[in-house]
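Note sheet for the following structure.
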Amino acid sequence: MHIAVCDDNIAERKQTERLLGRQSDKRKNAGEEGFFIDSYGNIPAFMSVAQMYDALFVDMQETKENGLDVGYMLLKAGVVAPIILLNNDKYNYKEMAGENADKFYFLDKPIRVKELEAILEICVEYSKNRIPTIELRNDAETIYAQGDDIISVVQDGSYLKFTLTEGRSIKTLDTLYNFCDGLAAFPMLCPISDFVLININHIKKAGLLSVSLDNGEKHSFGIGYRKNIEEARKMMKK
């Protein structure tokens with residue numbers, strides 16, 4: 001399960017990460033799957049990858065938008081994963097949400113372990129049936145793509161060009177380096193150079209230093225990147 005923590009208070013963000021990490025270790029020790037945890041201290045970076053997570057823990061106290069504002073932004077963006085707002089001394093998000101409180105889950109800071117465990121059980125049940133998506137957005141359109149919808153991603157100046165299935169494509173203002181930071185939930189997406197990422201499930205033929213994809217694309221890569229393809233294939237088999 002992939003979890004995001006968005007909190008502009010570094011100490012509190014780290015504490016939430018630690019508590020989630022302990023729960024992850026507890027599950028692993030019991031023979032269950034653990035958690036992948038990413039954290040964000042600012043809203044734009046968080047919102048750009050929010051669609052990929054199975055659970056989102058949110059509290060923003062020092063910015064113009066508070067945690068509830070971010071919660072509404074997530075709903076507007078189409079996020080359907082559990083959104084957990086962390087009540088604090090400054091904001092009681094449950095009271096602030098009023099009639100919209102049923103759209104969110106709430107935890108009080110400092111977080112109590114038993115309450116966290118109860119929320120995580122809900123999130124785990126959700127994640128079992130969820131197919132992660134990636135939000136691809138520009139000024140003209142927004143596409144929520146599943147991992148295998150993406151055939152390749154190529155850096156084109158200041159933009160990323162996404163080639164998708166069914167003849168679709170979209171360009172977004174981003175860098176491949178930044179995009180790769182949020183791909184833990186998509187092991188099929190594999191960088192083969194500083195400027196190209198491919199979906200290993202769309203490889204038609206792989207040579208020593210090049211790959212041909214099932215849409216006709218052909219991309220070369222350095223010998224050091226061949227290991228990335230091998231590791232991506234191992235991850236897909238798990």
Side-chain angles (χ1 to χ4, degrees), residues 1-5 24 28 33-42 44-54 77 81 127 130-238:
M1 186 170 79
H2 294 79
I3 299 174
V5 178
S24 178
K28 290 177 181 177
E33 184 179 0
F35 305 140
F36 298 94
I37 304 161
D38 296 321
S39 65
Y40 302 88
N42 68 83
F46 174 59
M47 290 299 300
S48 69
V49 294
Q51 284 284 348
M52 66 176 279
Y53 291 101
D54 301 297
S127 70
R130 178 180 185 258
I131 301 175
T133 59
I134 302 173
E135 181 183 81
L136 307 177
R137 180 191 297 269
N138 59 28
D139 292 338
E141 62 180 326
T142 299
I143 295 175
Y144 295 109
Q146 297 177 10
D148 274 337
D149 291 337
I150 299 173
I151 298 175
S152 67
V153 186
V154 177
Q155 189 79 55
D156 184 8
S158 299
Y159 291 85
L160 290 181
K161 180 183 178 182
F162 291 81
T163 299
L164 310 174
T165 56
E166 300 177 356
R168 299 171 297 160
S169 65
I170 185 173
K171 279 190 173 184
T172 67
L173 186 61
D174 203 352
T175 65
L176 192 65
Y177 179 84
N178 182 62
F179 179 72
C180 287
D181 274 347
L183 293 181
F186 306 94
M188 73 287 292
L189 300 181
C190 171
I192 60 169
S193 76
D194 291 346
F195 306 101
V196 179
L197 176 150
I198 63 167
N199 187 327
I200 64 167
N201 292 335
H202 286 284
I203 293 177
K204 184 177 181 180
K205 182 179 180 181
L208 181 61
L209 295 175
S210 66
V211 290
S212 298
L213 305 180
D214 55 17
N215 69 337
E217 291 183 30
K218 186 173 183 179
H219 297 282
S220 300
F221 56 87
I223 190 67
Y225 280 92
R226 185 174 183 83
K227 184 178 179 181
N228 287 4
I229 297 177
E230 295 170 356
E231 291 179 348
R233 283 174 166 160
K234 289 179 183 178
M235 286 292 294
M236 290 298 296
K237 292 179 180 178
K238 291 184 178 180

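In what follows, every heavy atom counts, from backbone to side chain, and hydrogens, waters and symmetry copies are set aside. In this chain, residues are counted from 1 in sequence order.
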Check your understanding: Which pair of non-hydrogen atoms, one from L208 and one from R226, has the smallest distance, and what is that distance?
Key -> O-NH1, 3.3 Å
Review point. Heavy-atom count around E33 CD within 6.0 Å, excluding the residue itself: above 12?
Key: no
Practice item. Using modelled atom types only, decide if a donor and an acceptor are shared between the side chain of Q155 and the backbone of Y177 within a distance under 3.5 Å. Key: no
Practice item. Could you check whether the rings of Y40 and F46 sit parallel, tilted or perpendicular, using 30° and 60° as the cut-offs? Key: tilted
Exercise for review: Take I229 and F221 through the test side-chain contact (heavy atoms from CB on, under 4.5 Å) and record every step on the way to the result.
Suggested key: CA-CA 11 Å; I229 297 177; F221 56 87; 4.1 Å; yes
Exercise for review: Mind listing the closest non-hydrogen atom pair of R137 and A77 along with its distance?
Suggested key: NH2-CB, 4.5 Å
**Study point:** Residues which pass salt bridge (Lys or Arg N to Asp or Glu O under 4.0 Å) with D149, listed by chain and number, not counting sequence neighbours
**Key:** none
Point to revise | Residues N215, H202; criterion side-chain contact (heavy atoms from CB on, under 4.5 Å); working and verdict | key: CA-CA 8 Å; N215 69 337; H202 286 284; over 6 Å; no
Study note, to complete from the structure: Quick note, salt bridge (Lys or Arg N to Asp or Glu O under 4.0 Å) partners involving residues 155-178, not counting sequence neighbours, are D156-K171
**Study point:** Atom of A145, atom of L136 and distance for their closest heavy-atom approach
**Key:** CB-CD1, 4.1 Å
Review point. So, does S24 use its side chain to make a donor-acceptor pair with the main chain of F35 at under 3.5 Å?
Key: yes
Check your understanding: So, does D54 use its side chain to make a donor-acceptor pair with the main chain of M1 at under 3.5 Å?
Key -> no
**Study point:** Where at least one partner belongs to residues 189-210, residue pairs that pass salt bridge (Lys or Arg N to Asp or Glu O under 4.0 Å), sequence neighbours excluded
**Key:** none
Practice item. Using the side-chain contact (heavy atoms from CB on, under 4.5 Å) rule, take I223 and L209 through it: C-alpha gap first, then chi angles, then the decisive distance, then the call. Key: CA-CA 6 Å; I223 190 67; L209 295 175; 4.0 Å; yes
